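As the structure is a computational prediction, the values presented were derived from the model and not from experiment. Numbers here are sequence positions counted from 1.
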Amino acid sequence: MRMKKYKYFIDFGKEEKWLNGMAREGWRLVSVSSFGGYRFEKEGSGEAVYRMDYRSFKNMRDYEDYLQLFADSGWTHVAGTRHSGSQYFAQTGAPDGADIFSDEASKAGRYRRGTQMWLTWVLVYSVIFVGMASNGGVHMDAILNPAALY
């Protein structure tokens with residue numbers, strides 16, 4: 001049995017908590033899309049613990065080394081690509097408090113990398129928006145008063 005759910009998270013901790021709740025209900029994470037789509041398969045065991053990291057890589061060798069580091073620690077890479085940023089890992093039979101980070105500094109680094117990515121996208125889209133608004137591509141009165149569209 002398969003299921004697809006759409007959710008969007010800003011907080012890594014809340015996303016991990018939700019994924020672990022789905023695992024307790026017997027749903028195994030199969031894939032994650034860039035737009036908040038989570039694909040699950042009914043497994044029944046409910047033993048997996050999910051953890052996330054946020055990291056993208058410029059070359060494949062670094063990415064493979066990164067995945068091997070987690071595999072050597074007993075974590076299975078579930079979803080994520082070299083360029084996607086979000087990396088999902090699972091460990092079967094792990095205690096609920098198991099973590100992929102050994103210290104608070106590395107956990108803080110995950111939040112820093114995620115924040116930098118979001119700020120970059122905000123900057124890029126802001127420049128595009130200002131360019132379109134200055135060329136008449138965006139009608140500011142419609143943004144300030146959406147009822148004017150109707």
Report summary line: side-chain contact (heavy atoms from CB on, under 4.5 Å) filter on M117, not counting sequence neighbours, yields Y54, W121

Query raised in the report: With no hydrogens and no angle check, is any side-chain donor or acceptor of Q87 less than 3.5 Å from a backbone partner on R55?
Result: yes

Query raised in the report: For D72, which residues count as a side-chain contact (heavy atoms from CB on, under 4.5 Å) partner, sequence neighbours excluded?
Result: Q68

Query raised in the report: Going from CD1 on I128 to CG on L123, what distance comes out if it is rounded to the nearest 0.5 angstrom?
Result: 10.0 Å

Requested in this report: Look at the side chain of Q91 and the backbone N and O of S73, then say whether any donor-acceptor pair between them is shorter than 3.5 Å.
Outcome: yes

Query raised in the report: Hey, any chance L144 and F129 share a hydrophobic cluster, counting ILVMFWY side chains that come within less than 4.5 Å of each other, even indirectly?
Result: no

Query raised in the report: Where do W75 and V49 come nearest, in terms of heavy atoms and distance?
Result: CZ3-O, 3.5 Å

Query raised in the report: Which atom names give the shortest non-hydrogen contact between K7 and Y38, and what distance separates them?
Result: O-CE1, 3.5 Å

Query raised in the report: Is L19 reachable from M1 through a run of hydrophobic residues whose side-chain heavy atoms are each under 4.5 Å from the next?
Result: yes

Requested in this report: Measure the CG-CH2 distance between D11 and W18 for me, rounded to the nearest 0.5 Å.
Outcome: 14.5 Å

Query raised in the report: When you look at NZ of K5, are more than 12 heavy atoms from neighbouring residues, nucleotides or ligands closer to it than 6.0 Å?
Result: no

Report task. Quick one: pull up CZ in R82 and CG in N59 and give me the separation to the nearest 0.5 Å. Result -> 6.5 Å

Query raised in the report: In Å, rounded to the nearest 0.5 Å, how long is the span from CD of E15 to CG of N20?
Result: 10.5 Å

Query raised in the report: Does one hydrophobic cluster hold both V130 and V124, with members joined at side-chain heavy-atom distances below 4.5 Å?
Result: no

Query raised in the report: Nearest 0.5 Å, what's the CE-CZ distance between M52 and F89?
Result: 10.5 Å

Query - Partner residues of S31 under the side-chain contact (heavy atoms from CB on, under 4.5 Å) criterion, sequence neighbours left out - result: R39

Report task. Write down the atom of W27, the atom of R2, and the distance for their closest heavy-atom approach. Result -> CZ3-C, 4.3 Å

Report summary line: Residue set satisfying side-chain contact (heavy atoms from CB on, under 4.5 Å) with Y8, at least two apart, ordered chain then number -> I10, W118

Query raised in the report: Among the clusters formed by ILVMFWY side chains lying less than 4.5 Å apart, do V78 and L69 turn up in the same one?
Result: no

Query - Interatomic distance, M22 atom CE to E25 atom CD [nearest 0.5 angstrom] - result: 6.0 Å

Query raised in the report: Under 3.5 Å, is there a donor-acceptor pair between the side chain of Y50 and the main chain of L29?
Result: yes

Query raised in the report: With the 4.5 Å side-chain cut-off for hydrophobic clustering, are Y111 and F9 part of the same group?
Result: yes

Query raised in the report: Which pairs with one or both residues in residues 109-130 pass salt bridge (Lys or Arg N to Asp or Glu O under 4.0 Å), sequence neighbours excluded?
Result: E16-R110, D53-R113

Requested in this report: Name all residues meeting the ring pair (Phe, Tyr, Trp, His ring centres under 6.0 Å) criterion together with F57; count only those two or more places apart in sequence or in a different chain, and write none if there are none.
Outcome: Y63, Y66

Requested in this report: Without swapping roles, check the side chain of H83 against the backbone of G85 for a donor-acceptor pair under 3.5 Å.
Outcome: no

